[in-house]
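Structure record follows, encoded as structure tokens.
In what follows, every chain begins at residue 1, and chains take the letters A, B, ... in the order their sequences are listed. Just the heavy atoms: all of them, side chains too, but no hydrogens, waters or symmetry mates, feed the values below.
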Number of protein chains: 2
Amino acid sequence: MKDKSIDVTAVGVRRRGDELVAAILQAAWDELMEVGFPNLTIERVATRARTSKPVIYRRWGNREELVLAAIQHHLPMPSEQIPDTGRLRHDVIIVLKRMNRLIEEIGPEILHGLMSVLGGIPFSELLNLRRTNVMPLILKRAVERGEIHSEKITERIIRLPMDLVRHELLITYQPISEQTLTEIVDDIFLPLLKK
Amino acid sequence: MKDKSIDVTAVGVRRRGDELVAAILQAAWDELMEVGFPNLTIERVATRARTSKPVIYRRWGNREELVLAAIQHHLPMPSEQIPDTGRLRHDVIIVLKRMNRLIEEIGPEILHGLMSVLGGIPFSELLNLRRTNVMPLILKRAVERGEIHSEKITERIIRLPMDLVRHELLITYQPISEQTLTEIVDDIFLPLLKK
DNA sequence: AATTTTAAGATACTATTAGTTTCTTATTTA
DNA sequence: TAAATAAGAAACTAATAGTATCTTAAAATT
């Protein structure tokens with residue numbers, strides 16, 4: 001009397017390739033948001049994606065890689081459009097605000113949990129550490145406009161605002177407040193360049 | 001024919017209290033240095049300390065707490081002696097160099113591994129994040145000597161050099177180089193105060 | 001259209017290890 | 001000397017990472 005087909009979803013229908021990958025990454029992301037990193041198990045992700053563990057292990061070497069991929073899948077890096085408002089201050093603030101995105105999207109707790117096993121390098125990538133040429137370009141334009149003197153610009157000063165924001169993120173696991181942002185730009189960065 | 005007492009160390013002799021704790025923390029530290037955080041198991045620590053798991057679990061709630069305790073046991077924070085060389089630059093450099101200590105002692109790999117499960121808060125403590133009054137005092141003295149103007153000093157600028165060193169540590173897991181230190185002090189910190 | 005190849009999915013398995021329970025007995029304290 | 005406390009041994013549970021095997025759906029090839 002019992003219906004044998006408990007699961008209504010097409011039995012015997014198999015997804016492959018990108019479709020399957022997307023389903024797994026989505027499931028991993030959902031798990032991540034629901035139970036957090038420490039409680040995320042491959043088993044549950046597999047079940048949630050209506051597939052099985054070996055399918056996952058064929059593509060990712062371990063738990064961390066899977067989660068990293070899931071995050072990258074959901075958070076493609078900002079288009080790196082380089083702001084050009086005509087004012088250095090404004091441009092810099094736009095860039096720094098972008099860095100808040102990751103935390104705003106995945107939330108402090110998850111980030112905190114991730115912090116762990118992802119290890120330093122990939123994590124840094126998440127936090128937009130990789131070399132971008134955004135700041136140099138913004139500064140170059142400011143020099144051309146005569147806003148600042150080029151001889152004041154050093155490698156370290158170029159990196160300074162992003163370093164400070166990143167530090168704040170790593171310590172607080174919170175989005176940067178408007179005030180902190182302003183302090184970094186107005187009390188530290190710009191004075192070093194303008195003087 | 002076989003000698004039954006394989007272990008020569010006094011059988012049936014039990015350590016207690018501080019002596020026992022010290023032995024466990026030492027064993028945990030040694031394990032940590034030998035196999036690294038991810039491979040450290042309570043079992044091995046117990047064996048190494050010639051005791052057993054329950055004894056450890058009676059004192060620390062889990063692996064992380066034990067390791068944290070082991071580190072704190074081995075790295076009591078610097079005596080927080082406040083440098084007073086008569087020159088701001090020199091004083092600051094001394095303070096910043098102290099921050100290298102943790103990494104120099106436990107090494108980048110271990111720190112990297114720890115980064116993980118310790119979670120943000122205790123880790124920050126390891127990195128000397130807690131409020132100290134070292135910098136303010138150094139700056140106060142510099143003001144009194146007439147080296148800098150007191151009106152230039154803001155909360156953020158006070159924290160700036162240590163923030164930058166900490167950022168560097170968190171990103172590189174390496175001791176700060178002499179050059180980086182100099183840049184932070186000479187190209188960023190002092191110019192903001194002297195101007 | 002039939003055949004071959006590839007890879008999905010199910011299932012069962014090994015191995016590790018965290019953390020617990022129980023019990024015996026050494027050490028301390030009264 | 002007796003009672004209370006805590007160490008240590010041993011065995012156990014439970015969770016879960018990662019693997020191996022097998023069947024068969026889907027895709028590629030002929």
Quiz prompt | First encountered from the 5' end of DNA chain C, between K53(B) and R15(B) | solution = K53(B)
Quiz prompt | R159(A)/E183(B) ion pair, N-O < 4.0 Å | solution = no
Self-check item: Check ion pair R156(B)-E168(A) (N to O, under 4.0 angstrom)
Solution: yes
Whole-Å distance separating the [atom1] atom of [X] from the [atom2] atom of [N]:
{"X": "E19(A)", "N": "dA27(D)", "atom1": "CD", "atom2": "C1'", "result": "14 Å"}
{"X": "R59(B)", "N": "dA6(D)", "atom1": "CZ", "atom2": "P", "result": "9 Å"}
{"X": "E43(A)", "N": "dT16(D)", "atom1": "CD", "atom2": "P", "result": "9 Å"}
{"X": "R58(A)", "N": "dA17(D)", "atom1": "CZ", "atom2": "C1'", "result": "16 Å"}
{"X": "R48(A)", "N": "dG9(C)", "atom1": "CZ", "atom2": "C1'", "result": "19 Å"}
{"X": "F37(B)", "N": "dT17(C)", "atom1": "CZ", "atom2": "P", "result": "13 Å"}
{"X": "R14(A)", "N": "dC22(D)", "atom1": "CZ", "atom2": "C1'", "result": "11 Å"}
{"X": "I56(A)", "N": "dT16(D)", "atom1": "CD1", "atom2": "P", "result": "14 Å"}

Quiz item: For I24(B), which contact category applies under a 4.0 Å heavy-atom criterion: base, sugar-phosphate, or nothing?
Solution: nothing
Quiz item: So what does S52(B) touch, heavy atoms closer than 4.0 Å: a base, only the sugar-phosphate, or nothing?
Solution: base
Quiz item: When you check the phosphate oxygens OP1 and OP2 of dG9(C), does a side-chain N or O of T51(A) lie under 4.0 Å from one of them?
Solution: yes
Quiz item: For dT16(D), does OP1 or OP2 lie under 4.0 Å from any side-chain N or O of T41(A)?
Solution: no
Self-check item: R16(B) (side chain) and dT28(C) (base): donor-acceptor pair under 3.5 Å
Solution: no
Quiz item: Considering all heavy atoms of both residues, which atom of W29(B) and which atom of I71(B) are nearest to each other, and what is their separation?
Solution: CZ3-CA, 4.0 Å
Quiz item: Any idea which heavy atoms bring E147(A) and G86(A) closest together, and the distance?
Solution: OE2-O, 3.7 Å
Quiz item: Want to settle it: does Y57(A) or G17(B) sit nearer the 5' end of DNA chain D, counting the closest nucleotide to each?
Solution: G17(B)
Quiz prompt | side-chain contact (heavy atoms from CB on, under 4.5 Å) evaluation trace for L190(A) with V92(A) | solution = CA-CA 10 Å; L190(A) 293 182; V92(A) 176; 5.5 Å; no
